[in-house]
Amino acid sequence: MRLVWSGLVWSGLVVAPLAHGATPTLDADVEGRAYGGRLDDSYNHPLLSSTVTELVSTSARTTDELLHDLHSFDRIVVASDGSRTTTSGAELITGEAGDALTPESERGELMAGSLPLVDPDIQSMIDDVTAAPADPVEVDLVLDPLSWNPIVSVEHELMVAMLEGRVSTRRDALTVRNDAMDARQAAGERAIAGLLASIETTSADVVDSFPLTGTVRVRADAADLADLVNIDGVAHVDLVRDETTAAGYPTGTEVTGGAITGEEVENLLQTTQFYDAGYDGSADGYIGLEEGDAGSGGHQVRRNHPGFDDGAGVDRWENCAVPIGAFCTYNGDPDPGNPHATGVASILLGDLTRGQDSTIPTSGQRARSGVARGATGLGAGTGSTQTVQVMTAAWRDIHLLNHSAGTSGAVCTGTSSAAQDYNTLYESGVAAFQAAGNEGHTGADCTVRDPGAAIGVFTIGAFQVDGSDNEIIYPNLSRGGGVFYDGSAYVDDGRTLIDVLGATVHEHSYDEDSTASDQYPGDLCCTSGATPTATGAAALFRDWYLSSVGTAIDSPGLLYANLLLMGDRIDESGTYLDTGFDELTGAGKLRMRMWDNLDGPAAWGDGSLCVDDGTSYDIDIAPAGLDADVDTVRAVIWWYDHRHDSGTPHDKVNLALQRQQPRTGNWVTTRLSATDDNKQRVYTDTPSTQPYRIRITGRDVTSDSEGCGIDSTRVCYAWVYEDQDRDTGTSLDNQIRPE
């Protein structure tokens with residue numbers, strides 16, 4: 001069969017569907033097309049091309065079979081002279097069958113008795129009605145999602161739509177996303193109808209319902225709770241706990257070292273390179289912000305601060321006071337707003353560099369500016385369950401959410417209703433950045449606040465600069481080590497919950513009151529201040545990626561993999577990790593990169609592929625061998641398992657860095673990351689000049705509903721190799737640290 005490639009819309013990219021175990025040979029005529037970033041331009045998701053549509057029409061294989069074998073791969077290569085090329089690497093992915101490593105008896109979508117379905121505080125009330133408070137409590141009843149709606153990501157729905165010929169523009173893609181969410185909403189409404197009927201047999205009062213997550217909130221006393229926990233199909237019964245922001249995430253009261261300005265954040269995050277290249281986070285859509293219960297405007301941003309003006313008199317912030325269905329009522333310009341919400345928003349996207357505040361001299365404008373200086377924000381101000389309804393609504397195109405808050409008390413299982421809510425956001429194409437919390441890390445116990453343990457969020461820890469200009473871990477940062485309930489006790493599940501560290505203790509966070517004499521009083525600290533630095537940096541990276549590579553970055557998993565690749569690898573003890581991640585520091589301090597701004601000879605690539613249980617996949621990152629000037633090689637993989645919030649152990653996948661021996665041609669493993677995490681990392685600073693590849697192996701993969709078929713899961717990956725001399729350009733010399 002001859003494949004004719006036409007209409008390819010990611011310049012320089014070839015995407016090939018691969019049968020496992022085979023290297024494709026394609027007679028390809030490639031028509032490239034530049035991407036302008038406008039809604040009506042051809043949609044350039046690297047997994048979706050008209051080539052694949054043609055393949056469907058000339059093949060007897062089903063859409064699901066094609067999806068399983070569809071891999072994406074692209075690379076940016078930077079030569080020693082600084083020249084840059086984008087080349088296809090599709091032919092460099094091969095599959096290799098291996099022994100099945102998981103006995104059939106251990107497989108299954110759900111494991112009976114794998115988690116306590118009832119919140120312990122609720123169970124205590126049921127067990128001893130006489131000791132329970134006289135007042136009823138609010139409880140979330142959450143249906144098992146597998147009982148009413150197959151869990152398939154927006155990315156998967158987009159691939160199906162393209163294979164069926166329904167996507168050719170970004171507008172088409174947005175339509176597919178909205179249709180998928182509408183279908184989920186309708187399915188949730190049907191499922192909730194049965195749950196509501198069961199609730200009516202008790203005297204509990206229904207407070208609200210949230211179809212997208214299959215949740216009904218009720219107010220009930222202990223006697224009614226005993227009946228509610230026995231309703232068929234209910235997976236979680238969780239006490240509704242207030243989110244904490246200012247109280248649990250204090251501002252200014254725990255500053256133990258120096259504070260940082262917006263300009264210093266640039267240096268710490270290495271974001272100046274983005275601004276110099278014209279990337280400010282304004283590429284598309286909104287950045288969402290959740291700040292807990294809105295109350296009467298209680299957690300809303302002071303919209304009329306000059307730092308939220310776009311320089312032409314238009315505010316870059318909207319506040320959603322109360323969600324009504326999929327829409328919002330607005331509280332205009334709350335003045336004063338909420339100090340915590342306004343401060344977080346200022347770090348996320350505050351900007352004075354366009355002269356918005358004439359009282360600030362030019363020398364102080366960058367110092368009082370945030371990270372994503374061209375982005376627009378939408379404040380949900382509601383709570384996790386309502387936030388899902390707002391952030392996935394058809395009337396807003398949102399890909400990032402900042403959550404600098406959390407419920408009280410450590411929750412490290414990732415099985416709460418809030419965790420399920422945030423996983424719904426992931427499945428809807430929203431990358432959620434979650435503050436880890438400030439509960440301290442003395443001892444070995446996990447202290448991360450809910451929903452920081454959700455498998456679909458990117459959880460942010462904090463580092464700060466002390467009085468001697470040393471970069472140190474924030475003293476009260478929570479520890480993140482996931483746990484699993486095996487039916488009798490909580491045990492370590494192998495996950496490192498914190499992903500990266502963001503910079504905190506911000507000197508010039510914005511004031512919530514326009515009558516205040518100082519519009520920039522500071523200091524916003526803790527993980528509340530660290531999280532918006534990471535969210536804003538992700539917006540800058542998305543801006544670069546959409547302009548320079550393509551819209552694959554709409555996949556939260558691919559975004560997460562790239563950000564993990566940018567961690568500085570330093571663990572709690574100050575050691576640089578060659579494999580895996582640390583429970584307290586994750587991938588380390590976030591040091592941003594534009595992957596076409598590398599110190600050549602260098603190359604970077606990313607993508608995703610389906611990984612079967614017991615099967616290895618090899619991605620050649622340097623098929624002709626590395627240049628002798630290359631100093632470092634690193635790679636990261638990340639994957640999502642929707643069953644995690646139902647208490648089922650997540651899939652396990654290994655990552656190896658391999659080098660080919662010069663005489664025998666055999667491949668040897670130089671680094672192996674084989675933890676029980678849902679992410680892996682390998683690194684070397686002593687590479688040879690031989691060919692290199694990464695090998696991804698499904699070690700214990702039992703997923704059936706991640707869009708890849710039976711016992712298969714989708715894994716996102718990113719890799720880079722680079723010289724470290726920093727001698728190829730001004731931005732490298734002055735802005736980007738070598739390791």
Side-chain angles (χ1 to χ4, degrees), residues 110 115-119 121-122 136-151 180-200 202 204-220 224-225 227-243 290 292-294 322-326 380 382-393 401 403 406-407 411 413-428 430 432 450-451 453-457 642-647:
L110 292 174
L115 82 160
L117 298 179
V118 181
D119 187 303
D121 290 340
I122 295 174
V137 295
E138 287 193 0
V139 172
D140 279 342
L141 305 178
V142 187
L143 291 172
D144 173 10
L146 290 173
S147 71
W148 61 272
N149 183 56
I151 305 300
M181 297 314 300
D182 287 345
R184 181 174 180 131
Q185 173 93 3
E189 289 173 350
R190 290 191 296 270
I192 282 176
L195 180 56
L196 290 171
S198 297
I199 294 171
E200 288 179 359
T202 73
D205 297 321
V206 173
V207 177
D208 208 342
S209 61
F210 310 101
L212 279 176
T213 58
T215 302
V216 175
R217 183 164 295 175
V218 300
R219 184 176 292 105
D224 284 322
L225 288 173
D227 294 327
L228 294 172
V229 298
N230 292 315
I231 295 177
D232 289 341
V234 172
H236 301 277
V237 182
D238 293 320
L239 191 66
V240 176
R241 292 178 168 86
D242 291 335
E243 290 192 350
E290 185 200 330
D293 183 13
V322 181
I324 302 176
T382 52
S384 64
T385 307
Q386 298 97 321
T387 294
V388 176
Q389 301 287 140
V390 174
M391 295 300 168
T392 59
L401 173 71
H403 188 212
T407 56
V411 182
T413 61
T415 57
S416 67
S417 57
Q420 189 174 70
D421 293 338
Y422 271 74
N423 288 340
T424 298
L425 286 171
Y426 175 87
E427 293 159 12
S428 306
V430 178
D450 200 27
I455 197 169
V457 307
H642 76 269
R643 305 168 304 165
H644 183 267
D645 60 34
S646 294

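Between the side chains of Asp450 and Ser416, a donor-acceptor pair is found at a separation under 3.5 Å.
Between Arg219 and Pro136 the shortest heavy-atom distance is CG-CB, 3.6 Å. Among all heavy-atom pairs drawn from Ala454 and Asn423, the shortest one is CB-OD1, 3.7 Å. Counting all heavy atoms, side chain and backbone alike, Ala204 lies closest to Ala220 at CB-CB, 3.8 Å. Of all non-hydrogen atoms in Glu290 and Leu401, the two that sit nearest each other are N-CD1, 3.9 Å. Residues Ala432 and Tyr422 share a closest heavy-atom pair of CB-CD2, 3.6 Å.
The CD1 atom of Ile455 sits 12.0 Å away from the OG1 atom of Thr415 when rounded to the nearest 0.5 Å. Atom CZ of residue Arg217 and atom CZ of residue Phe210 lie 4.5 Å apart, to the nearest 0.5 angstrom. With values rounded to the nearest 0.5 angstrom, Gln420 atom CD is found 11.5 Å from Leu212 atom CG.
Put simply, the side chain of Val218 does not reach to within 4.5 Å of the side chain of Asp224, judged on heavy atoms. Side-chain atoms of Val237 and Leu228, non-hydrogen and from C-beta on, never get closer than 4.5 Å to each other. Residues Ile199 and Ile231 are in side-chain contact: their nearest non-hydrogen atoms beyond the backbone lie under 4.5 Å apart.
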His236 and Asp140: side-chain contact (heavy atoms from CB on, under 4.5 Å), yes or no, with the steps? CA-CA 8 Å; His236 301 277; Asp140 279 342; over 6 Å; no
Evaluation steps, side-chain contact (heavy atoms from CB on, under 4.5 Å), between Val457 and His403 | CA-CA 10 Å; Val457 307; His403 188 212; over 6 Å; no
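Residues satisfying the side chain to side chain donor-acceptor pair (under 3.5 Å) test with Arg190, not counting sequence neighbours, are none.
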